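Written below as structure tokens is the structure these notes are about.
Note that the coordinates shown come from a computational prediction; the quantities given were computed from them, not determined experimentally. Each chain gets a letter, A, B and so on, in the order its sequence line appears, and its residues count up from 1.
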Protein chains: 2
Amino acid sequence: MKSGLGKEPLRRFRRHEHLALGGEAQDRVYRLDEGWACRYTLLPDGRRQITALYLPGDVCEPQWVISSKAELSIVALTDVIATEIPLGSIRNASDEGVSELIDALMTNFNRQSDWIVSLGRRSANGRITALFAEIYSRLQQNGRVRQPCTIPLTQQDIADVVGLTPVHVNRVVSELRRQGLVQFSGKTIIVPRPDEIDRQQDGMGLAG
Amino acid sequence: MKSGLGKEPLRRFRRHEHLALGGEAQDRVYRLDEGWACRYTLLPDGRRQITALYLPGDVCEPQWVISSKAELSIVALTDVIATEIPLGSIRNASDEGVSELIDALMTNFNRQSDWIVSLGRRSANGRITALFAEIYSRLQQNGRVRQPCTIPLTQQDIADVVGLTPVHVNRVVSELRRQGLVQFSGKTIIVPRPDEIDRQQDGMGLAG
DNA sequence: CGGTTTGTTGAGGGCCATCAAGTTGAGTGG
DNA sequence: CCACTCAACTTGATGGCCCTCAACAAACCG
């Protein structure tokens, strides 16, 4: 384990390492400097549903400022470098730190509402293209867009976000590649023209 | 419950009347004294996805305290009687009013995460029984359970919550009735033994 | 009492899950 | 440098859940 002596607030997590466990008290939040993480729920039969994605530049999780408790577990989807922000350091400090986190909390809240719409009413194709478009948009807002937009998620990870099986995710993503809407670099997915992906998601029919 | 009777204005909404429109500024929240409401999104083709249910006793919507703006529209699902709570009256008042709303906000946040799990990983049967169990549990917490628990939603409303078609909701609900898990009084659904419904939802397979 | 909303039921089909084999590639140790 | 291992990706066959279309019944309402 890394024990940053001195005042170094950086924390490293390996892929599959937990940033928080469901039920745990939290006295800090993390700002992801590099790497991706997610909040998830496990079902009794072992299947997983991811309920929030955390991208480079995101704060994880803003609501800990209010509740000081992790309702669900958070796990690293890639190797992660994060800045630890103790809650005590911002509760009494300027309002700016808090209001930035409150803004992030509301953004996450609204994003969850949007995702309910996708899961409830969009087909596999619509959910996956909507996810890619959302990822690009968020990376752009965080100032983390490289040329072009790369997505370091496994197809299993994607399946657990969009509520599908990895097999079907593979078929949909393969079709997107055939159409030139995404490319592959090894196993990582690249979205060359995010605006075209974005146009894809409108008019996608009912799932099922 | 709030005991300061009399001075706060009561508002009435008819079924299908809007409590708020998406994008509108909000300078108040509502406490539903009677009736049900929901937050929803319309898709370009006219389909609807409900992203939050508001039951008697609920506050609608707590996040307006923070953002003073309705992101999405709110509509009455039944006739509604609501108490109007001006935001100005609680921002400067005791912290209790605010913290009660913040609690409600976090509850809604966590409920949305749970609902993402249902939509992503549960079958039609699991989603509907989970909805009924959630409704009973929330009514109980609000002190609004009559004997027995009645649900004044149309099957179309239920479909728009659980992300299915009304036709299929009808089939699932009819099967639940055949099993004695729900009863009908005219068109309103009654859940006689909510604990049994609750047991139903575990182990429901993948949707699709 | 005519129109509208809501519920009900059947037939057929499509989307996606499931099952089952592979193939590929990265990491490891000999 | 090459077996070995394991995770991740790929592909085909089959089937079930749920959508779609359609028609009708029942309840509600002005």
Q.
Checking the side chain of B:R144 only, and the main-chain atoms of B:D33 only, is there a donor and an acceptor separated by less than 3.5 Å?
A. yes

Q: Indicate for each nucleotide in nucleotides 25-30 of chain D, in 5' to 3' sequence, whether protein heavy atoms under 4.0 Å reach the base (B), only the sugar-phosphate (S), or nothing (-).
A: --S---

Q: List in chain and number order the residues that pass side-chain hydrogen bond (donor to acceptor under 3.5 Å, both in side chains) with A:R193, two or more places apart in sequence or in another chain; answer none if no residue qualifies.
A: A:E196

Q | Euclidean distance, atom CD1 of residue B:I158 to atom C1' of C:dT6 [Å, nearest integer] | A | 12 Å

Q | Spacing of A:F184 atom CZ relative to D:dA8 atom P, expressed in whole Å | A | 15 Å

Q: Would you kindly give the CG-to-P distance between A:L153 and D:dA8, to the nearest whole Å?
A: 12 Å

Q.
Would the distance check show the side chain of B:S73 and the main-chain N or O of B:G22 forming a donor-acceptor pair, the cut-off being under 3.5 Å?
A. yes

Q) Rounding to a whole Å, what distance do you find between A:D160:CG and D:dA8:P? A) 11 Å

Q: Taking the six-membered ring for Trp and the single ring otherwise, decide whether the centroids of B:Y30 and B:F13 are under 6.0 Å apart.
A: yes

Q: Give the nucleotide from the list D:dC18, D:dG12, C:dT8 with an atom nearest to the side chain of A:V167.
A: D:dG12

**Q.** Interatomic distance where CG belongs to A:L164 and C1' belongs to C:dT18 [whole Å]
**A.** 14 Å

Q.
It should be established whether B:R177 places a side-chain nitrogen or oxygen under 4.0 Å from OP1 or OP2 of nucleotide C:dT8.
A. yes

Q.
Among B:R48, B:R127, B:R39, which residue satisfies the salt bridge (charged side-chain N to carboxylate O under 4.0 Å, His left out) criterion with B:D160?
A. B:R48

Q: Without swapping roles, check the side chain of A:T41 against the backbone of A:Q49 for a donor-acceptor pair under 3.5 Å.
A: no

(Q) Taking 4.0 Å as the cut-off, does a side-chain nitrogen or oxygen of B:T165 come that near to OP1 or OP2 on D:dC19? (A) yes

Q) Expressed in angstrom and rounded to an integer, what is the separation of A:R178 atom CZ from D:dT11 atom C1'? A) 10 Å

Q. For B:N170 and C:dG7, is the shortest distance between a side-chain N/O and OP1 or OP2 below 4.0 Å?
A. no

Q: Give a yes/no on whether any side-chain N or O of B:R15 is located under 4.0 angstrom from OP1 or OP2 of C:dT6.
A: yes

Q. Checking only heavy atoms, does the side chain of A:R171 share a donor-acceptor pair with the base of C:dT18 at less than 3.5 Å?
A. yes

Q. Quick one: are A:L10 and A:T83 in side-chain contact, heavy atoms under 4.5 Å?
A. yes

Q) To the nearest angstrom, how far is B:R121 atom CZ from C:dA17 atom P? A) 8 Å

(Q) What is the separation between atom NE2 on B:H168 and atom P on C:dT9, rounded to the nearest whole Å? (A) 15 Å

Q. Quick one: is B:Q155 getting a side-chain N or O under 4.0 Å of the C:dT8 phosphate, OP1 or OP2?
A. yes

Q.
Please compare B:T154 and A:V169 by the position of their nearest nucleotide in DNA chain C and report the one closer to 5'.
A. B:T154

